[in-house]
Amino acid sequence: MYDLSDTQFNLSTGTASVDWQLSMANARVAARTQAWGQSMLAGMQLINTASDFMHDIPDLYNVAYATRGDACNPCDTGFGSRPLLFAGIKGGHEKLDVNNDAENNLKYLDLLVGAGWRNENFLIAPFFEAGWGKYDAEFNGYKHFDDNKTSYIGGGLLIRGDFQGFYAQASFHAGKLKNDMYGDFYTGSANKWFGARHDYSGTYFGIGAEIGKSFVFCNNVLDLSARYDFNRTNSDDFLAWGYESDGTTIRNLTGMSMDSVHSHRIRVGGEYSYNGGVFKPYVGAYYEHEFAANADGKFSYKNVYNLSEAKASGSTGIGRLGVRFGGLDNKFSADIGIEGYVGRRQGIAGKALFGVAF
């Protein structure tokens, strides 16, 4: 077993010549193999946006079912018990910092559709989800995977219980993930390149758990919460390819094996909202930490080599701002807002989530 993450390796094996001089190549090739892992991370980035979106479902139900207070009866927080259909979209641009001064840039759109029911203490909401994105994996200023596509389709279930201001919720989602892996790498030898041209297709699944406490001061609500999310995408095996710079020579080069990717995130923070009218503005701030999100793999050509691992663990600060609409005397409800990210994740996202009671 050889390790391409070790920059001390030289391109020569000292034995048999390998096509396009791709053996234990110069350090630039060794490090750039990390971009294959970055491509796998892009799929996980998209799945994590879906995971975040499904956690917004209870906010729509709360505003749809709660009776709003007024100056004479400011703390009336009773609930109805009717079903609600909901649908929403979320889109944004996100840059993800990766080790070795690399980064992923993802533009995405998420879709969420479902139906559920809640009463004063309990919510159950099955849903359908889908999403589409474009990404590039940049290393050392070069986009090895440029304008690649990724998408998912699946479904899940969210359950929540509320008890005297405290709440706990659990969620699950699973489905199919597709991810283009089209890219190339210069070997350091004139006119010699190698790369990947593969359509990844695998499954994903994830679980989430959240606990919190809502402090109600008449029409003012302060919500404090802590959340954990786990997501996993499947491993995959495929063939890489090599070609001359003029594009005339293309052949199978080596067997690639990418490991599954796991994401473990926690998020803690709070949100303030004013519930004194039909329109309910809110503002929130959260701290998020990613513990894992590492992607690595191997390739085989006469020997088996470890690819340079792509790592994206770290911390992110999240701010959110928006307005909700609804109440028992309104058939329609909505949650419209924006989020900004700084730190490991950097970018901005907007969402619009709508509900219809019947």
Nearest 0.5 Å, please: how far is CG in Leu177 from CG in Leu46?
7.0 Å
Look at Glu129 together with Lys176 and state whether they make a salt bridge at an N to O cut-off of under 4.0 Å.
no
Less than 3.5 Å apart, any donor N or O on the side chain of Gln346 or Asp97 sitting next to an acceptor on the other?
yes
Over all atoms of both residues, closest heavy-atom pair of Phe325 and Val278:
CE1-CG1, 2.8 Å
Rounded to the nearest 0.5 Å, the CZ atom of Phe122 sits from the CZ atom of Phe163 at a distance of 8.5 Å
Is it true that the NZ or CZ of Arg160 lies under 6.0 Å from the centre of Tyr167's six-membered ring and within 45 degrees of the ring axis?
yes
Using modelled atom types only, decide if a donor and an acceptor are shared between the side chain of Tyr152 and the backbone of Ala130 within a distance under 3.5 Å.
yes
Given 3.5 Å as the limit, does a donor-acceptor pair link the side chain of Asn219 with the main chain of Tyr274, or not?
no
Do we get Lys280 above Tyr282's six-membered ring, with its NZ or CZ under 6.0 Å from the centre and within 45° of the axis?
no
I need the Phe332 CZ to Leu84 CG distance, nearest 0.5 Å.
11.0 Å
Short side-chain donor-acceptor distance under 3.5 Å, Ser263 and Asn231
no
Flag, side chain of Ser257 to backbone of Asp237, donor-acceptor distance under 3.5 Å:
no
Do we see a donor-acceptor contact under 3.5 Å between the side chains of Asp110 and Thr49?
yes
Once the angle between the rings of Phe291 and His289 is folded into 0 to 90°, is it parallel (under 30°), tilted (30 to 60°) or perpendicular (over 60°)?
perpendicular
Ser51 side chain near Arg265 side chain, heavy-atom distance below 4.5 Å
yes
Using 0.5 Å steps for rounding, measure from the CG atom of Asp223 to the CZ atom of Phe215.
9.0 Å
Indicate yes or no for a side-chain donor-acceptor contact from Asn148 to the backbone of Asn179 under 3.5 Å, with no hydrogens or angles considered.
no
Enter the distance from Phe230:CZ to Phe205:CZ here, rounded to the nearest 0.5 Å.
4.5 Å
Using the ring of each side chain (for Trp, its six-membered ring), is Phe86 parallel, tilted or perpendicular to Tyr61, with breaks at 30° and 60°?
perpendicular
Aromatic ring proximity, centroids under 6.0 angstrom, Tyr204 and His173:
yes
Would you check if there is a donor-acceptor pair between the side chains of Tyr287 and Ser315 at a distance under 3.5 Å?
yes
Counting distance only, does the side-chain N/O of Asn294 pair as donor-acceptor with the main-chain N or O of Lys311 below 3.5 Å?
no
Any donor-acceptor pair under 3.5 Å linking the side-chain atoms of His264 with those of Glu290?
no
With distance as the sole test, does Ser214 use its side chain to make a donor-acceptor pair with the main-chain N or O of Phe166 at under 3.5 Å?
no
Short side-chain to backbone donor-acceptor contact, Arg344 and Ala312, under 3.5 Å
yes
Quick one about Glu94 and Gln45 (side-chain donor to acceptor, distance below 3.5 Å, no hydrogens or angles considered), yes or no?
yes
Check whether any side-chain N or O of Asp180 sits under 3.5 Å from a backbone N or O of Lys149 as a donor-acceptor pair, and report yes or no.
yes
Donor-acceptor contact present, side-chain Gln38 to main-chain Glu103, <3.5 Å
yes
Given Leu158 and Leu123, is the side chain to side chain contact (heavy atoms under 4.5 Å, CB included) satisfied, shown in steps?
CA-CA 8 Å; Leu158 185 142; Leu123 162 67; 3.9 Å; yes
Check this for me, if you would: do Arg267 and Asp229 make a salt bridge, where the nitrogen-to-carboxylate-oxygen distance has to be below 4.0 angstrom?
no
Between Asp52 and Lys351, does at least one N-O distance fall below 4.0 Å, as a salt bridge requires?
no
